[in-house]
**Student:** 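Dumping the structure here so I can ask a few things about it.
Note that these values count all heavy atoms, side chains included, but never hydrogens, waters or copies made by symmetry.
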Amino acid sequence: MKRFAGKVAVITGAAGGIGRATASRLAHEGATVIATDINTTDADQIEKELRTFGGRGRFATLDVTDEDGSHDLIDDIAATEGALHGLVNNAGIGDLRTIEDSTKATFDHVVGVLQTGAFLGMKAAGPTLKEHRGAVVNVSSMFGIVGTAAVSPAYHAAKGALRSMSKGTAVAWAPEGVRVNSVHPGFIDTPMLGGADDAVFAPVIPMARLGSPSEVAASIAFLLSDDASYVTGAEIACDGGYVAQ
Ligand SMILES: NC(=O)c1ccc[n+]([C@@H]2O[C@H](COP(=O)([O-])OP(=O)(O)OC[C@H]3O[C@@H](n4cnc5c(N)ncnc54)[C@H](O)[C@@H]3O)[C@@H](O)[C@H]2O)c1
């Protein structure tokens with residue numbers, strides 16, 4: 001069943017592990033996917049992948065911290081596609097600095113990409129999403145729910161903010177028919193994790209293995225789809241049981 005036939009979705013950070021898997025998943029299910037990233041290295045290949053499923057998907061360069069760029073992208077999609085039904089705020093950077101090693105500049109940079117970037121995405125896409133009763137999925141982290149000394153205060157702050165910003169926006173936009181939810185990946189085998197192997201993480205994960213980008217993509221696709229038509233302000237931990245401990 002093609003859950004996204006006739007639908008148009010934008011994904012940020014779509015050149016990376018989770019974003020690229022999500023772009024493929026949505027395109028496979030019939031969506032026209034606008035895959036965006038600041039990293040343009042694989043742009044042609046990504047565009048080719050999206051079109052193998054028969055859609056009109058494409059790659060667009062976008063730095064999520066660029067407010068004008070976000071608005072221009074949404075305007076362009078409205079002009080070319082005539083609609084926008086889904087937004088996945090996924091772009092991200094890792095940060096392992098301790099609070100002692102963090103500066104205001106490094107803190108602001110991480111929050112700027114992870115948190116402000118998602119805010120700008122929702123702000124730009126909001127009017128079009130309302131017009132088409134669309135949905136937003138914000139990709140947070142299990143470290144938006146629980147703490148660890150292994151990642152930075154800025155990463156925790158931004159991912160926690162994404163969680164509550166999703167809930168607040170869900171309540172604000174519910175009357176206008178736009179659903180907003182968050183996904184909280186655990187340790188996922190992507191470039192962000194730097195090629196870590198199962199053996200390092202297995203002991204702290206109930207399911208004793210890393211997750212794959214396609215497993216997170218499946219949760220994102222569910223929340224974006226009409227299968228989740230009565231789900232808003234919710235969070236899915238896609239983490240092998242980590243936050244359940
Ligand atoms: N991999 C994990 O273990 C894990 C766990 C929890 C949450 N997450 C979150 O999942 C999301 C995707 O991460 P991933 O693991 O696929 O990492 P990744 O590094 O493979 O992908 C992140 C992508 O975001 C892009 N990006 C970075 N800054 C950007 C900017 N300013 N504008 C636009 N694009 C930008 C990068 O170029 C990259 O393609 C991130 O938000 C991350 O914090 C990942």
**Student:** Under a 3.5 Å distance rule, please check whether T12 uses its side chain to pair with a backbone N or O of A91 as donor and acceptor.
**Tutor:**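 Looks like yes, one N/O pair under 3.5 Å.
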**Student:** Could you give the distance from CG (D226) to CZ (R3), rounded to the nearest 0.5 Å?
**Tutor:**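 Those atoms lie 9.5 Å apart.
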**Student:** If you look at every heavy atom in Y242 and V204, which pair is closest and at what distance?
**Tutor:** CD1-O, 3.5 Å
**Student:** With a 4.5 Å limit on heavy-atom distance, are the side chains of S182 and L162 in contact?
**Tutor:** no
**Student:** Heavy atoms, side chains only, cut-off 4.5 Å: are F53 and V33 in contact?
**Tutor:** no
**Student:** Near K167 NZ, under 6.0 Å, is it more than 12 heavy atoms from other residues, nucleotides or ligands?
**Tutor:**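 Enclosed.
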**Student:** Please determine whether side-chain contact (heavy atoms from CB on, under 4.5 Å) holds for the pair I11 and T36, giving the CA-CA distance in whole Å, both sets of side-chain angles, and the decisive distance to 0.1 Å.
**Tutor:** CA-CA 6 Å; I11 305 170; T36 72; 5.9 Å; no
**Student:** Tell me, with the steps shown, if V110 and I93 meet side-chain contact (heavy atoms from CB on, under 4.5 Å).
**Tutor:** CA-CA 7 Å; V110 173; I93 49 175; 4.3 Å; yes
**Student:** Does the distance from a Lys or Arg side-chain N to an Asp or Glu carboxylate O, for R20 and D42, drop under 4.0 Å?
**Tutor:**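 Result for this pair is yes, salt bridge flagged.
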**Student:** Out of curiosity, D101 CG to L96 CG, how far, rounded to the nearest 0.5 Å?
**Tutor:** 11.0 Å
**Student:** State, with a plain yes or no, whether a side-chain heavy atom of I77 is found less than 4.5 Å away from one of V10.
**Tutor:**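 Yes, side chains in contact.
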**Student:** Counting C-beta onward and ignoring hydrogens, is there a side-chain heavy-atom pair between L224 and L26 closer than 4.5 Å?
**Tutor:**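 Counting from C-beta outward, L224 and L26 do come under 4.5 Å.
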**Student:** Taking all non-hydrogen atoms of both residues, which atom of W173 and which atom of V180 are closest, and how far apart?
**Tutor:** CE3-CG2, 4.1 Å
**Student:** Are there over 12 heavy-atom neighbours, none belonging to E215, within less than 6.0 Å of that residue's CD?
**Tutor:**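 More than 12 heavy atoms, drawn from other residues, nucleotides or ligands, come within 6.0 Å of this atom.
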**Student:** If hydrophobic clusters are built by linking Ile, Leu, Val, Met, Phe, Trp and Tyr wherever their side-chain heavy atoms come under 4.5 Å apart, do F4 and I34 end up in the same one?
**Tutor:** no
**Student:** Looking at R179 and A228, would you say the former's side chain and the latter's main chain have a donor-acceptor pair under 3.5 Å?
**Tutor:**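 Present.
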**Student:** Taking the side chain from N39 and the backbone from A15, do they hold a donor-acceptor pair closer than 3.5 Å?
**Tutor:** no
**Student:** Using 0.5 Å steps for rounding, measure from the NE2 atom of H156 to the CD1 atom of I145.
**Tutor:**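 Here the interatomic distance stands at 11.0 Å.
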**Student:** Atom CZ in F107, atom CD1 in I99: separation rounded to 0.5 Å?
**Tutor:** 8.0 Å
**Student:** For the residue pair V111 and T116, establish whether any side-chain heavy-atom pair is separated by less than 4.5 Å.
**Tutor:**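 Yes - at least one pair of side-chain heavy atoms lies under 4.5 Å apart.
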**Student:** On a heavy-atom basis, which atom in V137 and which in L223 lie closest, and how many Å separate them?
**Tutor:**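 For V137 and L223, the tightest heavy-atom pair comes out as CG2-CB, 3.7 Å.
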**Student:** Can you name the closest pair of heavy atoms from D227 and F222 and give their distance?
**Tutor:**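 Looking at all heavy atoms of both residues, the closest pair is O-CE1, 3.6 Å.
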**Student:** For residues L210 and D198, report the shortest heavy-atom separation together with the two atoms involved.
**Tutor:** N-OD1, 2.9 Å
**Student:** If we ignore hydrogens and angles and just use 3.5 Å, is the side chain of D95 paired with the main-chain N or O of V151 as donor and acceptor?
**Tutor:** no
**Student:** Knowing that exactly one of E81, K7, R51 qualifies, which makes a side chain to side chain contact (heavy atoms under 4.5 Å, CB included) with T32?
**Tutor:** E81
**Student:** Decide yes or no for F59 and D44: does some side-chain heavy atom of the first lie under 4.5 Å from some side-chain heavy atom of the second?
**Tutor:** no
**Student:** Is there a donor-acceptor contact under 3.5 Å from the side chain of E47 to the main chain of R58?
**Tutor:**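 A pair under 3.5 Å: no.
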**Student:** Could you walk me through whether S141 and H184 satisfy the side chain to side chain donor-acceptor pair (under 3.5 Å) test, starting with their C-alpha distance in whole Å, then the side-chain angles of each, then the deciding distance to 0.1 Å, before giving a yes or no?
**Tutor:** CA-CA 4 Å; S141 166; H184 300 259; over 6 Å; no
**Student:** What about L114 and V146, same hydrophobic cluster or not, with Ile/Leu/Val/Met/Phe/Trp/Tyr joined at side-chain heavy-atom distances under 4.5 Å?
**Tutor:**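 Same cluster.
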**Student:** Got a donor-acceptor contact below 3.5 angstrom from the H85 side chain to the V8 backbone?
**Tutor:** yes
**Student:** Decide yes or no for L62 and I38: does some side-chain heavy atom of the first lie under 4.5 Å from some side-chain heavy atom of the second?
**Tutor:**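 They are not in side-chain contact.
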**Student:** Taking M192 as the starting point, is it possible to reach F201 by hopping between hydrophobic residues whose side chains are less than 4.5 Å apart?
**Tutor:**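 Yes, one cluster joins them.
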**Student:** State the CG-CG distance between L120 and N89, to the nearest 0.5 angstrom.
**Tutor:**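 Result: 9.5 Å between the selected atoms.
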**Student:** For D197, does the CG atom sit with more than 12 other heavy atoms under 6.0 Å from it, leaving out its own atoms?
**Tutor:** yes
**Student:** With a cut-off of 6.0 Å (strictly less than), are more than 12 heavy atoms of other residues, nucleotides or ligands near NZ of K2?
**Tutor:**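 Yes - once you tally the heavy atoms of other residues, nucleotides and ligands closer than 6.0 Å, there are more than 12.
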**Student:** With side chain to side chain donor-acceptor pair (under 3.5 Å) as the criterion, how do S166 and N138 come out once you've worked through the C-alpha distance, each side chain's angles and the decisive distance to 0.1 Å?
**Tutor:** CA-CA 7 Å; S166 301; N138 289 318; 3.0 Å; yes
**Student:** Counting N and O atoms only, with roles assigned by atom type, does the side chain of S24 sit under 3.5 Å from a partner on the main chain of A21, one being a donor and the other an acceptor?
**Tutor:**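 Absent.
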**Student:** Would you say H28 has more than 12 foreign heavy atoms packed within less than 6.0 Å of its NE2?
**Tutor:**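 For H28, atom NE2 is not crowded (no more than 12 foreign heavy atoms under 6.0 Å).
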**Student:** List the steps, then state whether side-chain contact (heavy atoms from CB on, under 4.5 Å) holds for V113 with V64.
**Tutor:** CA-CA 6 Å; V113 175; V64 294; 4.2 Å; yes
**Student:** Once you round to the nearest 0.5 Å, how far does OG of S219 lie from CD of E235?
**Tutor:**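 Going from the OG atom of S219 to the CD atom of E235 covers 12.5 Å.
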**Student:** Would you say D189's side chain and G211's backbone share a donor-acceptor pair under 3.5 angstrom?
**Tutor:** no
**Student:** Would I46 end up clustered with V139 when hydrophobic side chains under 4.5 Å apart are linked, directly or stepwise?
**Tutor:**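 Hydrophobic grouping puts I46 with V139.
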**Student:** Would a distance-only check, ignoring hydrogens and angles, find a side-chain to backbone donor-acceptor pair under 3.5 Å from T22 to I18?
**Tutor:**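 Yes, the answer is positive, given that a donor and an acceptor are paired below the 3.5 Å cut-off.
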**Student:** So, do D37 and T61 sit near enough that their side-chain heavy atoms are less than 4.5 Å apart?
**Tutor:** no
**Student:** At their closest point, which heavy atom of T148 faces which heavy atom of F143, and how far apart are they?
**Tutor:** CG2-CE2, 3.2 Å
**Student:** Less than 4.0 angstrom from a charged side-chain N to a carboxylate O is my criterion; do K104 and D108 meet it?
**Tutor:** yes
**Student:** V178 and M165: same hydrophobic cluster, using ILVMFWY side-chain contacts below 4.5 Å?
**Tutor:**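 Both belong to a single hydrophobic cluster.
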**Student:** Is D239 reaching over with its side chain to a backbone N or O of M142, donor-acceptor style, under 3.5 angstrom?
**Tutor:** no
